[in-house]
Undergrad: 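Here you go, one structure.
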Amino acid sequence: MYKTHTCGELRQTDAGQTVTLAGWVHRRRDHGDLIFIDLRDRFGLVQLVADPETSPKAHAALGQVRSEWVLQVVGEVRSRPAEMVNPHLATGEIEVVATAVTVLNQSETPPFLINKEEPVDENTRLKYRYLDLRTPRMQRNLTLRHQVIKFIRDYLDEHGFLEIETPILFKTTPEGARDYLVPSRVHPGMVYALPQSPQQLKQLLMVAGIERYFQIARCFRDEDQRGDRQPEFTQLDIEMSFVQREDVMDLIEDMYTKMIPVVTPHKRFLRTPWPRLTYQEAMDRFGKDNPDIRFGLELVDITDLAKGSGFSVFAGAVEQGGHVRGINVKGQGGYSRKQLDALTDYVRQHGAKGLAYIIVEESGELRSPITKFFSEDETKAILERMAAEPGDLLLFVADKPAVVYDTLGRLRVHLAEELSLGDPDVLGFCWVIDFPFAFWDEEEKRWDPSHHLFTSPLPEDKALIDTAPERMRGAQYDLVLNNNEVAGGSIRIHDQALQAKVFSLIGLEKEVAEQRFGHMLEAFQFGAPPHGGIASGLDRLVMLLADESNIREVIAFPKNQNARDVMADAPSPADAGQYKDLHIKLDLPEEKK
RNA sequence: GGUCCCGUGGUGUAGCUUGGCUCAACAUGCCGCCCUGUCAAGGCGGAGAUCGCGGGUUCAAAUCCCGUCGGGACCGCCA
């Protein structure tokens with residue numbers, strides 16, 4: 001070993017010891033005679049000091065070094081006098097008097113500062129990712145990610161789970177997201193697909209009698225990027241046999257409830273046990289199936305009051321089967337006309353025709369462009385339903401139910417951001433259950449499963465598949481944390497007859513189903529146990545625990561928004577011979593001139 | 001496929017609205033000299049950007065216009 005101790009571990013009690021350290025020059029303070037160097041390794045910082053009188057060679061060597069050079073230093077640990085203790089440093093009570101210095105490597109001046117937390121252009125960070133990863137922020141994030149995964153592995157191991165790897169080269173499934181394809185050399189014109197998730201394989205492991213499976217699984221989806229979406233990402237993938245949905249939910253809840261105090265002790269749960277909302281309740285109260293429950297601003301239904309009222313915009317919307325719902329923005333009656341216009345623009349961008357408002361002045365007077373259309377009683381009823389008090393701002397949208405939910409749900413989150421309502425250290429975990437089994441796809445004229453093809457209806461709703469599929473609920477559950485879906489799963493269908501009915505409901509023809517999922521259907525004929533599972537997006541979870549707003553910050557080598565790796569410059573063209581081996585002829589789009 | 005924002009020394013920004021006083025300012029980093037207790041060390045000095053790229057308007061463009069490239073956020077998409 002190049003070192004006897006790490007840079008972060010030396011304390012007062014080590015004083016007098018001769019130690020050998022190795023690490024990077026984090027910062028140097030050259031006083032001409034005395035030289036101080038902060039030496040950094042992953043475990044911390046320690047101050048080296050070189051005195052020309054006692055060890056001229058070490059002093060001369062440290063006079064030459066620059067930021068990010070790699071050093072090995074032999075020296076003696078010395079207590080610092082009380083007035084020179086650095087309380088900001090774990091090793092601040094001591095310093096190491098250098099007696100021998102070996103330069104293990106020099107370094108170019110880095111393109112950005114590693115020893116300072118200042119914003120750097122993200123492209124530059126990604127291009128020099130190996131330097132970016134030296135920063136305290138990234139080391140912190142990678143450490144947290146490791147701790148999360150380690151806790152999960154230990155916990156699931158203790159609970160009888162087996163970690164099993166599944167193939168990266170698998171079969172394409174045109175349902176769902178776009179696949180990343182890998183052309184076959186041996187089979188001309190044929191492709192493997194990288195898994196969007198190990199969904200089928202984990203179910204087959206249940207047929208295989210594994211009973212309790214998990215995997216830290218890499219998943220691939222060729223879709224456009226977002227702050228919380230990368231082309232490849234990591235899921236905690238779990239599948240269990242002989243379980244009902246509560247068993248799966250309880251497991252995850254117990255695991256994460258125990259994990260978070262260990263990995264992020266400064267975070268606290270909004271509520272335990274975690275609330276379980278039905279889909280309908282989530283929509284009615286928050287307008288979304290992935291709500292942020294840390295703050296109020298809940299939606300209030302005034303459809304019944306708007307119906308037949310004097311305000312034709314509201315009444316007309318109800319007439320056509322729409323809803324009218326509002327949000328009481330408590331104490332924000334001071335919003336200016338300009339701010340209200342901005343909010344109106346915001347909901348318009350998302351499909352609402354407009355945003356009605358009523359401001360209750362401190363005096364109790366109403367300021368609103370719409371109250372004149374209501375009778376006094378109608379206005380009173382609305383204020384009462386909205387629990388309006390002086391100083392409040394009431395906002396309303398009237399439209400088709402889907403538009404009302406969507407726009408008010410977004411507006412609620414938007415307002416909370418504007419008003420800084422969500423405490424980042426509070427974790428508002430909740431479960432959303434009882435999803436509709438399928439949504440009607442108006443364009444395709446067919447039912448579209450809300451989770452996936454193998455999700456079972458709720459046991460009590462199974463019979464509805466023949467009579468009223470629109471009322472059937474799925475045995476699906478989503479775990480939501482502060483406006484983000486962090487896990488989702490379901491109890492699966494293990495009954496062939498039911499599976500056939502589901503395929504038929506969603507318009508998947510028997511031959512096509514056979515071709516794509518023949519291996520699944522065949523497997524289910526050999527004693528498939530009742531089973532279900534869940535998958536949890538680890539990047540997203542770690543991102544939220546790390547207080548980051550982009551999953552790139554918790555992935556060592558992420559892609560940019562354009563799905564490029566700017567460090568390695570991937571994707572890149574292959575050699576002509578490689579294409580030939582794969583039987584590929586290119587048909588590239590014309591170069592734009 | 002669409003909408004919006006950004007692009008100025010190595011890094012982070014100012015300047016742009018209202019073109020000329022700017023061969024571009026500040027901070028930090030870098031280089032050199034001085035300095036024995038600093039820890040974002042300090043002092044003095046120095047180098048470093050033809051303002052993403054191309055075209056246009058103009059006597060004159062970092063600044064105005066058009067195009068283009070790159071980056072970011074979002075919508076669509078992501079069962």
Undergrad: Within residues 219-231 of chain A, which residues have any heavy atom lying less than 4.0 Å from an atom of RNA chain B?
TA: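 Listed by number, they are A/Arg221, A/Glu223, A/Asp224, A/Arg226, A/Gly227, A/Arg229.
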
Undergrad: Answer yes or no: is there an ion pair linking A/Arg28 with A/Asp38, defined by an N-O contact shorter than 4.0 Å?
TA: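 Salt bridge flag = no for A/Asp38 with A/Arg28.
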
Undergrad: Between the base of B/U38 and the side chain of A/Gln47, is one N or O donor paired with an acceptor at under 3.5 angstrom?
TA: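 Such a pair is found, so the answer is yes.
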
Undergrad: Using a strict heavy-atom distance below 4.0 Å, which residues from residues 480-495 of chain A are in contact with RNA chain B?
TA: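 None - not one residue of the stretch has a heavy atom sitting under 4.0 Å from the strand.
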
Undergrad: B/C64 pairs with which nucleotide, Watson-Crick or G-U wobble, both distances below 3.5 Å?
TA: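 B/C64 is paired, partner B/G56.
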
Undergrad: Testing the 3.5 Å rule here: is there a donor-acceptor pair between the side chains of A/Ser450 and A/Gln476?
TA: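 A donor-acceptor contact under 3.5 Å links the two side chains.
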
Undergrad: If you find the nucleotide of RNA chain B closest to A/Val120 and the one closest to A/Gly32, which residue's nucleotide is nearer the 5' end?
TA: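 Closer to the 5' end of RNA chain B: A/Val120.
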
Undergrad: Please state whether the base of B/G37 and the side chain of A/Arg78 form at least one donor-acceptor pair under 3.5 Å?
TA: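 Yes.
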
Undergrad: Centroid separation under 6.0 Å, is that true for the rings of A/His31 and A/Phe36?
TA: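 Centroid distance A/Phe36-A/His31: below 6.0 Å, so yes.
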
Undergrad: Checking only heavy atoms, does the side chain of A/Arg28 share a donor-acceptor pair with the base of B/U38 at less than 3.5 Å?
TA: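 Under the 3.5 Å cut-off, the side chain and the base do not form any donor-acceptor pair.
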
Undergrad: Can you give one letter per nucleotide of nucleotides 45-53 of chain B, 5' to 3': B if a protein heavy atom sits under 4.0 Å from the base, S if only from the sugar-phosphate, - if neither?
TA: ---------

Undergrad: Report yes or no: is the ring centroid of A/Phe112 under 5.5 Å from the six-membered base ring centroid of B/U11, with the two planes under 30 degrees?
TA: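 One would not call A/Phe112 stacked on the B/U11 base.
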
Undergrad: Establish, from distance only, whether the side-chain atoms of A/Gln235 and A/Ser536 form a donor-acceptor pair under 3.5 Å.
TA: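 Checked: A/Gln235/A/Ser536 side chains show no N/O donor-acceptor pair below 3.5 Å.
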
Undergrad: Indicate, with yes or no, if the rings of A/Phe454 and A/Phe517 have centres closer together than 6.0 Å.
TA: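 Yes, the ring of A/Phe454 comes within the 6.0 Å limit of the ring of A/Phe517, centre to centre.
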
Undergrad: Report the residue (A/Ala177 or A/Asn560) whose heavy-atom-nearest nucleotide on RNA chain B is the more 5′ of the two.
TA: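 Mapping each residue to its closest nucleotide by heavy atoms, the 5'-most match is A/Asn560.
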
Undergrad: Does either side chain, that of A/Glu548 or that of A/Asn141, offer a donor lying less than 3.5 Å from an acceptor on the other one?
TA: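 Looking only at side-chain atoms, A/Asn141 and A/Glu548 do form a donor-acceptor pair, the distance falling under 3.5 Å.
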
